[in-house]
Amino acid sequence: MFLLSSTGIHIPLNEKGDAVGMFVPSQTATRRFTDIQNPSKGTVKARLSLEGAEQPLWRMFDDRSVEYYGSVAEEITERRASVSIYLPKDFLPEGYNVFYYVFNDRWVVYGERLISDEGAVDWVYSKFDTVDEDLTDFLVGVISDRLVKGVREKICVATHNCVETQSALQESLSPFDIETVEFSSLKLDKVKPIYQHKDFGILMLFGFFCGFVLMVATIGFYAKSYFELSAVQDDIAQIQAEIAQMQSEMVLGHIEDPDDVLNRVKQPKLVKPSSLLHETGEIAAMFGTLDSMTIFYGPPFDMGAGLRIGLDERRREVITTARVEQSEAEMLVDQENVAKAIVTTKEYVREIMRVNSEDTKLNLSVKMQIGETE
Amino acid sequence: MTRSGFRRLWLLVLIILLISSYMVYNKTTNKQFEIDNVMRVKDSLVLERESSKSMASRLQKVDELTLHEPDTTRLDILRFLGIEEDNIFEYEPTTRLVQTAGGIEIYERTFMLKAELPYTVAMRQIDKLYANEKVTLLQVSMKHQNVPGHIVNVEVEAKIYALDKGSSYSANMIRRKR
C-alpha cells in the first residue's frame with residue numbers, strides 16, 4: 001500500500017509484486033470534463049495535453065463525464081509489477097460518511113461526504129503529517145471536535161501498518177463508541193481504479209517464447225531442407241555413376257530395339273515334344289503298326305490330300321501326323337469307330353483325320369488341345 | 001529495469017526473432033524450390049536408370065540367345081546347343097538367312113540333327129533341345145526302325161540365331177571371363 005497526492009509520494013512503494021495505492025486529490029486540482037468523446041486513457045491524455053510518461057488519474061461517471069485528479073509520477077508508471085490507484089472513498093464501507101485512515105503511525109487521510117442543497121454528493125479530502133505531534137492526541141482531538149458539533153454521522157477509523165499507535169488509538173476512541181479497524185479489512189467493491197497498469201510479464205515471456213520457438217522451428221526446417229537437398233544431390237551423383245557404369249558395361253549397345261530381336265529369336269514353349277509324340281504314337285498305334293510320326297512347330301498348313309500339320313498358338317491347338325501300316329482287311333467303319341472312341345475318351349483330342357496313301361500305309365493327322373485358348 | 005525499458009527490449013528481441021525467422025524461412029523456401037528441382041532431376045534419372053537396367057537386361061538376354069556371327073564355327077554352334085560332348089546327333093547345316101530386326105541384321109541358321117536312338121533316349125534328347133531357349137524347333141520326326149531294342153530314327157529340324165555383336169565383343173568376353 002502506498003500513499004500519494006498531487007504534492008508527491010508520501011508513503012513510497014518498497015515491496016515487490018502487485019501494489020494498490022491511494023491518491024488524495026486536492027479540491028483545487030480536481031477538474032471535471034464533459035466534452036471528451038469516448039473517454040479512454042489516450043483521449044483523456046490528449047484532452048489534458050499530457051506528454052511522455054505522464055499518466056492521468058481520472059475516472060468516468062455514468063453521464064460519461066470525466067473527473068481528472070492529477071497525474072502519476074514516473075516512479076509509479078515505470079514499475080514492472082501491476083499498480084492500481086484508488087481514491088480514499090473507494091475503500092470506505094457502505095453507510096459511513098466520514099473516515100480517518102492512519103498510515104505508518106504518521107499520515108492521516110481524512111475524508112467527508114458533503115451533500116449540497118441541490119442534493120449533489122461531493123467528497124472533500126485532506127491529509128495530515130503528524131510527524132511533529134502525537135498522533136493519538138491529534139486524532140482524538142479532531143474526532144471529539146466533530147462530535148461536539150452534534151451532527152449525526154458515522155465515522156470510520158482504519159489503520160495501516162501502525163505498530164505503535166494501534167492499541168492506544170483503540171483505547172482512546174472507545175469512549176466515543178468508534179471502533180478502529182485494520183485497513184486491510186476494508187474491501188474495494190467493484191470500483192474502477194483511477195489509474196491502473198498491469199504486469200504483462202508472463203504474456204511478454206510467452207510472446208518471446210513463441211518468437212523463439214518460431215525461430216528454432218524455421219532454423220530446424222532450414223537444416224532439414226539443407227540435409228534433404230544434400231541427400232538428394234548425393235543420390236543423383238550415385239544414380240549418374242550407376243548409369244555411367246551400366247552404359248560402359250552394356251553389351252550390344254548398337255541394337256535399337258532388343259524386344260524386336262527377342263520376339264524374333266525366342267520360341268514360345270507351349271508343350272514338350274515328347275508328350276505330343278508319345279500321344280500321337282499311342283493314338284496311331286490303335287489304327288495299325290506305327291511307322292513314323294512328325295510334329296511341325298510352324299503355323300498349320302496343308303501337306304496335300306487334306307492332311308494338315310502345324311501349331312496354332314492362338315487357339316492352342318497342335319496337329320501332328322503319323323503313318324501306320326494298315327491291315328488290308330481293316331474296314332473303314334471300324335477305323336471310324338476307333339477314332340470316335342479315342343475322341344470320346346481323350347478330351348484333349350479334338351479331331352482325327354485319315355488320308356489313304358497309294359500303298360498300304362495310312363496317314364493320320366491328330367488335332368490336340370494343348371491348353372486354354374486365349 | 002524500468003517498465004518501458006523492459007518493453008522496448010522485449011520488442012527489440014521479438015522483432016529480431018521475427019525478422020530472423022522470416023529470413024531463415026525465405027532461405028528455406030528457396031531450398032525447397034531447389035529440392036523440388038533436384039527431385040525432378042532425380043526422378044528422371046531414376047527412370048533413365050530403370051530403362052537402362054531394363055535395356056541392359058534385354059540386351060543381355062539377346063546376347064545369351066544369339067551367337068556372334070563373324071567368329072561362329074561348327075564347334076561354337078554345338079557348344080551353343082549344349083550337345084558338343086554328347087556326340088549323339090549328327091549335325092548338318094541347311095540354310096543361312098539374313099533378316100532385319102531391331103535395327104540390326106539377324107542371321108538365321110537352320111540345321112538338321114539326325115540320330116538313331118532308343119525311344120526313351122530320343123524323347124529325352126528332343127525335350128532337352130526344346131527346353132533350350134537358344135534353339136527354335138521347326139520340325140521333329142521319328143521313324144520306327146525294324147531292329148531290336150526300340151531303336152528309332154530321329155530327325156530334328158531347328159534354327160538358331162546369330163548377330164554381329166561388334167568388333168570389341170570378343171575382347172570384352174575374354175576380359176569378363178578373366
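Throughout, protein chains are lettered first and strands after them, A, B, ... in sequence-line order, and every chain is numbered starting at 1.
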So [Y] and [X], do their side chains get closer than 4.5 Å, heavy atoms only?
| X | Y | result |
| --- | --- | --- |
| A:Thr280 | A:Met368 | yes |
| B:Ile83 | B:Leu113 | yes |
| A:Tyr297 | A:Leu276 | yes |

Out of [options], which one racks up the most heavy-atom pairs below 4.5 Å with chain A?
| options | value |
| --- | --- |
| B:Met23, B:Gln99, B:Lys159 | B:Gln99 |
| B:Glu157, B:Glu34, B:Glu108 | B:Glu34 |
| B:Asp127, B:Leu14, B:Leu163, B:Leu11 | B:Asp127 |
| B:Leu138, B:Ile104, B:Ile126 | B:Leu138 |
| B:Met123, B:His144, B:Gln145, B:Lys61 | B:Met123 |
| B:Val135, B:Val41, B:Asn30, B:Thr136 | B:Thr136 |

Heavy-atom distance under 4.5 Å to chain B: side chain of [X], backbone, both or neither?
| X | value |
| --- | --- |
| A:Met246 | side chain |
| A:Leu214 | both |
| A:Val83 | neither |
| A:Asp235 | side chain |

What orientation do B:Tyr91 and B:Phe111 show, parallel under 30°, tilted 30 to 60°, or perpendicular over 60°? tilted
Could you give me the CA-CA distance, side-chain angles and deciding distance for B:Arg7 and A:Phe200, then say whether side chain to side chain contact (heavy atoms under 4.5 Å, CB included) is met? CA-CA 9 Å; B:Arg7 196 166 49 197; A:Phe200 294 113; over 6 Å; no
Side chain, backbone, both or neither: which part of [X] has a non-hydrogen atom closer than 4.5 Å to chain A?
| X | answer |
| --- | --- |
| B:Val24 | both |
| B:Thr100 | backbone |
| B:Leu65 | both |
| B:Ile160 | neither |
| B:Leu18 | side chain |
| B:Lys53 | both |
| B:Leu137 | both |
| B:Leu45 | both |
| B:Tyr119 | side chain |
| B:Val152 | neither |
| B:Arg124 | neither |
| B:Asp36 | neither |

**Asked** Looking only at side chains, do B:Lys165 and B:Thr66 share a donor and an acceptor under 3.5 Å apart?
**Response** yes
Looking at [X] and [Y], would you say the former's side chain and the latter's main chain have a donor-acceptor pair under 3.5 Å?
| X | Y | value |
| --- | --- | --- |
| B:Arg58 | B:Ser54 | yes |
| B:Asn153 | B:Lys143 | no |
| A:His197 | A:Ala81 | yes |
| A:Asn263 | A:Asp259 | yes |

Heavy-atom pairs under 4.5 Å with chain B are the metric here; pick the option from [options] that has the most.
| options | result |
| --- | --- |
| A:Ile309, A:Val216, A:Thr294 | A:Thr294 |
| A:Ile243, A:Asp199, A:Ile219 | A:Ile243 |
| A:Ile295, A:Asp257, A:Leu277, A:Leu311 | A:Ile295 |
| A:Val232, A:Ile239, A:Val265 | A:Val265 |
| A:Lys224, A:Glu242, A:Glu74, A:Gln247 | A:Glu242 |
| A:Gln240, A:Gln233, A:Glu256 | A:Glu256 |

A:Glu228 bridged to B:Lys31 by N-O distance under 4.0 Å: no
Salt-bridge contact B:Arg109-B:Glu69 (side-chain N to carboxylate O under 4.0 Å): yes
Scanning both residues in full, the closest heavy-atom pair of A:Arg79 with A:Ala19 reads NH1-CB, 3.8 Å
Ring-face cation of A:Arg80 near B:Phe6 (centre distance under 6.0 Å, axis angle within 45°): yes
Within 45° cone and under 6.0 Å: A:Lys272 NZ/CZ vs B:Tyr130 ring:
no
Verify whether the ring centers belonging to A:Phe23 and A:Tyr195 lie closer than 6.0 Å.
no
